[in-house]
Structure formats: C-alpha cells, structure tokens
Student: 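Got a structure here, written out as structure tokens. Questions coming.
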Amino acid sequence: MPSSSQPARVRFAPSPTGRTHLGSGRTALYNYLLARQTGGQFILRIEDTDQKRYVPGAEEELMNGLRWLGLEWDEGPDIGGPFGPYRQTERRNLYAKYARQLIESGHAYYCFCDSPKIDEGDAPGERHKHRDVCPDRDQLLADADARISSGDDHVIRFKMPIEGSITVTDAIRGDITVENSTLDDYILVKSNGLPVYHLAVVIDDHLMEISHVIRTSEWLPTFPLHGHIYNAFGWDQPIWVHPSIFLKPDGKGKMSKRDTEALQKEGKSIFLGDFEGMGYLPQAVVNWMALIGWSYDDKTEFFTLDDLIEKFSLEKLNPSPAAINFSKLDHFNGLHIREMDSADLANLIRPFFEKDGYQVDDQEKLEQIAEVLQIRLAILDEAPEKAGFFFKEAIHPEPESLIGKKMTSGESLAMAGCIRELIASLPDFSEETANQPLRDQAVELGLKAGHIFGFLRNAITAQKVSPPIFETMTIVGREKVLERIDKAIAILENLGNEN
RNA sequence: GCCCCCAUCGUCUAGUGGCCUAGGACAUAGCCCUCUCAAGGCUAAAACCGGGGUUCGAGUCCCCGUGGGGGCACCA
C-alpha cells in the first residue's frame, strides 16, 4: 500500500565532509523509494555551507555510491533541474533575503556578541543559554542596522519565545512537544554571511517544494527549532520522517572513527564506496540496508529494488536504533548471487581473480566457473580461493593428500593408475560417461567411490574442498585432467621410492 | 548535567487488547541429501526490562522506575 497517493518530492541532502556511510545510503534509499513509488522526484542537494569541513572528492564518492546502488536522482547539482541550484553555496544570495524577513517580522535578531568567548570553558551542562545574557536580543532594528553599516561583526539568531511550547510531528513517532524554555536563540546566519543548516534546510526545502523530509533521528533534537522557523515564515511544514540511526555491530553506540578503522582491519567497512571492492552486490546492500529499521511483513525478506519501490511504506519504519549485522549482509549477498544470470556473475568475479594475479583470458571458461560457483559464493571476494586452481598452469598437491583414507601410498598409486587408464580410455569424457565407470572401478578395487573422488579432487585441484569433481573436470578438460593425474602419480611414485 | 527518542530471541524484526503455547530471518547446533564444499529440506536452543495501574482480558494502552541511544557548535 503506497504511503501517499500524491507524488512525493523528496531530497537527500548530505554534506560533503567525508566518506559516505551506509546510514546515508539507507536514508537516500528511503527517499528514493518514496519518490519512485509515488511517481514523484528524488532530489540530490549538497549542503556545503561549512567550508571548513569541506572535503574535495567527497561529492564525487557520494554520487558514485548512490549510482552504484542504483539510486538515480531526478534533480541535482550535476544534472540541474527546475529548482536549482542544488549546491547550497551556490544559493548563498538567496538566504539573506529570508533572514532579513525573519528579522523584520520579529522572529530573529542581529547579535553582536562574541559568543564563543561567552561559552568558553563551560562544560556542556553548565553552559548557560545565550538568550538569557544577550544584550542584543531586544535591540531596536534601526540601532542594529547602524552598527552593521559601521562594520560591526554580527550573526543572526532566532528569537526563541521565552514561554510556551511547540509541538512538531514525526511520521513514525507522532507528536513531540518541547518547552520553549529548553531551547535557545540558535544562530541562523554565521558572521561570514552563510546560513547554518537550520536556516538553509528550511528555506531550501520550502523553495524546492519538498513534501517529505526523511533524515535520521540525529535531527530530532533540533526538530522543534525547524518547526519554529517554518512557523515564523508562515510556511506549511513537510511531512517529517526520522528513521533511527545505525548502531555498531555490538549495539553499543553509533560508529565512531575508531570503530570504523577497527572494522576495516577485519576487512569490513561501512563506507559505501568500499562494498563493491569487498565483493558485495548493490542489490544485496540495498536489500540489507532497507531491512535495518524497516520491515514488510512477518516473513518476506528478499527484495529487489523494484520490489522495495512497490512495497516500501513509511508506516513500517521502526523508531528504535538498530545494530548493523554483517553476517546478514553475507547471507543476502549469497541470495542475490544465486538470483543473477551466471554470465553477469562471470563478469563480476573476473576482477577478483585478476586482483589475485590470475590471468583470465578465456571468457567461456570463466562463465562455466561462474555457473559452478553460483551456489557456493556468499561474497564475490571468495571466488579466487575457491576456484583459482582453474587458472593455474601447474598445481602442487600435498603428497599425503593423494593417499586415500586407510590406504598405503602403494595402493593409492595402483588406484591412480587405474583411474588414469580409465579416463584416458573413455570414448567421450563427461559426467555421464565417467561417473558410473569410476564407481565400478572403485568396487572392483575394493574401495569406496569416495576414495577415487577424493584422489581426483586433490590431484586436480590441490584442494581438499572444491566444486563437484565432475563439473570441475569438465571445465579443466580431459587433457589437463590426465596431466594432473600423471603429476599425482609421479608424486606417489616418488613417495614410494623414498620409503 | 540538561533536553529528546527508544525498549520482543545474541542480532534484524512480526505483533495496532483476546487469533501469542509470541511468528519469521541471520548467526549457532543437530539431522537429511551427498564425491568434498555449498545450496536445499527438517529440527533444536533462544525474547515480551522491572513495578504499578486501566480492562473480563495486556507483548499490545497509561504512569513510574531502569536500561540503551541521540543531541546540547558561527558542524551538518
């Protein structure tokens, strides 16, 4: 059931201050889903009013990450749109007019205090409220204007009502009422003339006709302020939605820089830009993220992006904070790998083989390998360790691995000879033609089929686990299979000579 | 410290007063299948934070505790 029948205009509005996290990915996803479901627009807006924290390249990584996930935006800094510009620093001239409007209507004031000094040394708990000490709060506008024209440094602050309360409504939590006495005269425009988030977000969301603001619960504490600003302008508020934040895997707090680094040491990461290289599918990441804080029903968990567009609903968002769980991502990745076309899988695993130094020049072979790997892979990254032997010129099985359970090296050698002869003598080589004869051979030798398969596995792959042996041999090819058996025989002979 | 939010298996969750003897999924263990490994199938263990109300009846509503989380910048 759609959350809203009206087309939603939603935005994802990150600030380019660092690498893009999973949490941002999920926020973007929810916005995207609502837009697509209702036939509305998904807008990308860059909130870069803090030049000090600006990180070059962050914007590019962000866009790459969203595109990798499949979240294409309809309006944004790179593609433009009817409500542009979509980068706040490019909108800077817009904000002054609105700030002045707030001042003239008595909802804001010029403040000439040196507030950093006022607060200096105060512990957060002891910090007094600015509005209780500010001498400029009730200054005549004419006087303030005179000081400004004489060049006095100033900021613009919201004139928070001293009494009363405000009620704002969050779509997943309901009404939230806060006493104005617990709020303060927040800065709206910095002394450099740029607006802070609180002002810019309200103005931009209003001008861009945003219908739903979906952002994480970190914004809940300043949510009442945003409500006040809307009221001061006399504007209608959008529908507010604050999905909960992600907690680190142990559930104790959100990811810190230290946690992030620790995670990377275990080969994991919460940066969107890292998932592809780690071997995850965007479909799986989307599926996984969507389900941290949202659910469809009591049993369905596998979703494609299209499924999510159809099934997503604001009503099923969960208000409580949720720990991220990488083993579940692995599981979803496996599910999505199994769902895909094996030729596509081949192209996806290729770079992982190449990264490990394998020469992948035979596309047909790669596709056969992909087919065999498809149900055995949870993470693409595992492909080389499971199937690297297919690309090796020569393999080196451990001598002991060629000796069957409860068999001597001599018996194993004899068995190997019989197997070699049989495989070489087959008119045609395939599972159909080789399976039964090999099993018969085992019986003839008084052995179990497992002995023969085990020997072949070790001789051909030099691994104790591998894909099913017939599929493996088919891909390797009879010629190379015989070569490797010969090598194994030589190893066994050598072993016999030593004894 | 102050403000705000949250509270069902280890984790993600279903549950909107009787359908709950609390359902699903991941992870864990066992079994089946089986040439190894997977995949798949079956099974097991595993939760309503506590106390008060309201009600014929509470996981579900209210209050208080407790616990967890977030925020308290001329950052977003």
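Everything numeric in this text was worked out from a predicted model, so none of it was measured. Lettering follows sequence order; numbering is per chain, from 1. What's counted below: heavy atoms across the whole structure, side chains too, no hydrogens, waters or symmetry copies.
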Student: Just the table, please: protein N/O against nucleotides 42-48 of chain B N/O, every pair under 3.5 Å.
Tutor:
none

Student: Partners of A:Ala370 by side chain to side chain contact (heavy atoms under 4.5 Å, CB included), sequence neighbours excluded?
Tutor: A:Leu345, A:Ala346, A:Ile349

Student: Would you please name every residue forming a salt bridge (Lys or Arg N to Asp or Glu O under 4.0 Å) with A:Lys268, sequence neighbours left out?
Tutor: A:Asp330

Student: Looking at residues at least two apart in the chain, or sitting in another chain, which of them share a salt bridge (Lys or Arg N to Asp or Glu O under 4.0 Å) with A:Arg420?
Tutor: A:Asp486

Student: So which heavy atom on A:Ile337 is nearest to which on A:Leu377, and how close?
Tutor: CD1-O, 3.8 Å

Student: In terms of side-chain heavy atoms of A:Ile469, which of B:C35, B:U13, B:U11 is nearest?
Tutor: B:C35

Student: OP1 or OP2 of B:G15 versus the side-chain N and O atoms of A:Lys316: is any pair under 4.0 Å?
Tutor: yes

Student: Tell me what A:Trp288 touches on the nucleic acid: a base, only sugar-phosphate, or nothing, going by heavy atoms under 4.0 Å.
Tutor: nothing

Student: Before accepting this row, confirm whether a basic side-chain N of the pair A:Arg157/A:Asp185 lies closer than 4.0 Å to the acidic partner's carboxylate O.
Tutor: no

Student: Taking only nitrogen or oxygen atoms into account, show me every contact under 3.5 Å that the protein makes with nucleotides 62-69 of chain B, one pair per line with its distance.
Tutor:
none

Student: Test of understanding: with salt bridge (Lys or Arg N to Asp or Glu O under 4.0 Å), list the residues that count as partners of A:Arg91, not counting sequence neighbours.
Tutor: A:Asp204

Student: Ring-plane angle category for A:Phe391 and A:Phe353, please: parallel below 30°, perpendicular beyond 60°, tilted otherwise.
Tutor: perpendicular

Student: Between B:G68 and B:U8, how far is it from one P atom to the other, in whole Å?
Tutor: 14 Å

Student: Tell me, please, which residues at least two apart from A:Asp440 pass salt bridge (Lys or Arg N to Asp or Glu O under 4.0 Å).
Tutor: none

Student: Quick test of your reading of the model: are A:Lys311 and A:Asp297 salt-bridged, counting only N-O distances below 4.0 Å?
Tutor: no

Student: Expressed as a whole number of angstroms, how long is the span from A:His130:NE2 to B:C3:C1'?
Tutor: 19 Å

Student: Assign the ring pair A:His130 / A:Tyr109 to parallel, tilted or perpendicular, where the plane angle (0 to 90°) is split at 30° and 60°.
Tutor: parallel

Student: Between P on B:A39 and CD1 on A:Ile337, what's the gap in Å once rounded to a whole number?
Tutor: 11 Å

Student: Whole Å only: how far is the CD1 atom of A:Ile187 from the P atom of B:C74?
Tutor: 4 Å

Student: Check every atom of B:A76, B:C35, B:U36 against the side chain of A:Arg376 and return the nucleotide holding the closest atom.
Tutor: B:U36

Student: Rounded off to whole Å, could you give me the CD-to-C1' distance for the A:Glu471 and B:U36 pair?
Tutor: 12 Å

Student: Is it the case that the ring center of A:Phe303 lies less than 6.0 angstrom away from the ring center of A:Trp294?
Tutor: yes

Student: Check the pair A:Phe246, A:Ile270 against side chain to side chain contact (heavy atoms under 4.5 Å, CB included), reporting the backbone distance first and the verdict last.
Tutor: CA-CA 11 Å; A:Phe246 284 174; A:Ile270 52 155; over 6 Å; no

Student: Can you tell me, in whole Å, how much space there is between the C1' of B:U43 and that of B:G24?
Tutor: 16 Å

Student: The side chain of A:Leu220 is closest to which nucleotide in this list: B:U36, B:C6, B:C5?
Tutor: B:C5

Student: For B:A46 versus B:G23, give the span between their P atoms, rounded off to a whole number of Å.
Tutor: 12 Å

Student: Go through B:C5, B:U36, B:A76 for me and flag the one nearest to the A:Ile176 side chain.
Tutor: B:C5

Student: In whole angstroms, how far is the P atom of B:C5 from the CH2 atom of A:Trp240?
Tutor: 16 Å

Student: Specify the separation, in whole Å, of atom NE2 of A:His226 and atom C1' of B:A76.
Tutor: 10 Å

Student: Taking the P atom of each, how far is B:C5 from B:G65, in whole Å?
Tutor: 15 Å

Student: Considering only atom C1', compute the distance from B:U21 to B:C31 and round it to an integer number of Å.
Tutor: 25 Å

Student: Taking only side-chain nitrogens and oxygens of A:Asn318, does any of them come within less than 4.0 Å of OP1 or OP2 of B:A14?
Tutor: yes

Student: Assess the residue pair A:Ile166 and A:Phe223 against the criterion (side chain to side chain contact (heavy atoms under 4.5 Å, CB included)); give the C-alpha distance rounded to whole Å, side-chain angles, the decisive distance to 0.1 Å, and a yes or no.
Tutor: CA-CA 10 Å; A:Ile166 182 169; A:Phe223 182 21; over 6 Å; no

Student: Is the side chain of A:Asp307 donor-acceptor paired with the backbone N or O of A:Thr304 at a distance under 3.5 Å, no angle test?
Tutor: yes

Student: Angle between ring planes, A:Phe158 versus A:His107, binned at 30° and 60°: parallel, tilted or perpendicular?
Tutor: parallel

Student: Let's see if you can work this out: which of B:U36, B:A76, B:A14 has an atom nearest to the side-chain heavy atoms of A:Asp298?
Tutor: B:A14

Student: Can you see if the side chain of A:Ser15 gets near the phosphate of B:C75 - specifically, an N or O under 4.0 Å from OP1 or OP2?
Tutor: no

Student: Among the candidates B:C75, B:U36, B:G24, find the nucleotide nearest to the side-chain atoms of A:Lys52.
Tutor: B:C75

Student: Give each protein N/O atom lying under 3.5 Å from an N/O atom of nucleotides 19-21 of chain B, with the pair distance.
Tutor:
none

Student: Mind checking the P distance from B:C26 to B:A44? Whole angstroms is fine.
Tutor: 16 Å

Student: Distance between the C1' atoms of B:U60 and B:G40, in whole angstroms?
Tutor: 37 Å

Student: So, under a plain 3.5 Å distance rule, would you say the side chain of A:Ser191 forms a donor-acceptor pair with the base of B:C74?
Tutor: yes

Student: Using a heavy-atom distance cut-off of less than 4.0 Å, which residues of residues 194-208 of chain A contact RNA chain B?
Tutor: A:Val196, A:Tyr197, A:His198

Student: Would you give me the side-chain donor-acceptor pairs under 3.5 Å for residues 50-57 of chain A, sequence neighbours excluded?
Tutor:
residue, atom, partner, partner atom, Å
A:Asp50, OD1, A:Lys52, N, 3.2
A:Asp50, OD2, A:Arg53, NE, 3.2

Student: Please give, in whole Å, the distance from B:C5 P to A:Arg215 CZ?
Tutor: 15 Å

Student: Between C1' on B:U36 and CD on A:Glu385, what's the gap in Å once rounded to a whole number?
Tutor: 15 Å

Student: On the ring face of A:Tyr110, is A:Arg147 found with NZ or CZ under 6.0 Å from the centre and within 45° of the axis?
Tutor: no

Student: Going by number, which of residues 327-336 of chain A have a non-hydrogen atom under 4.0 Å from RNA chain B?
Tutor: A:Ser327, A:Lys328, A:His331

Student: Is there a Watson-Crick or G-U wobble partner for B:A7 with both distances under 3.5 Å, and if so, which one is it?
Tutor: B:U66

Student: Side chain of A:Arg338 only, please: which of B:G40, B:G70, B:U36 is the nearest?
Tutor: B:G40

Student: Can you sort out the partners of A:His451 under side chain to side chain contact (heavy atoms under 4.5 Å, CB included), two or more places apart, ordered by chain and number?
Tutor: A:Lys405, A:Met407, A:Met415, A:Leu447, A:Lys448

Student: Could you work out the separation of B:G10 and B:G52 based on their P atoms and round it to a whole Å?
Tutor: 24 Å

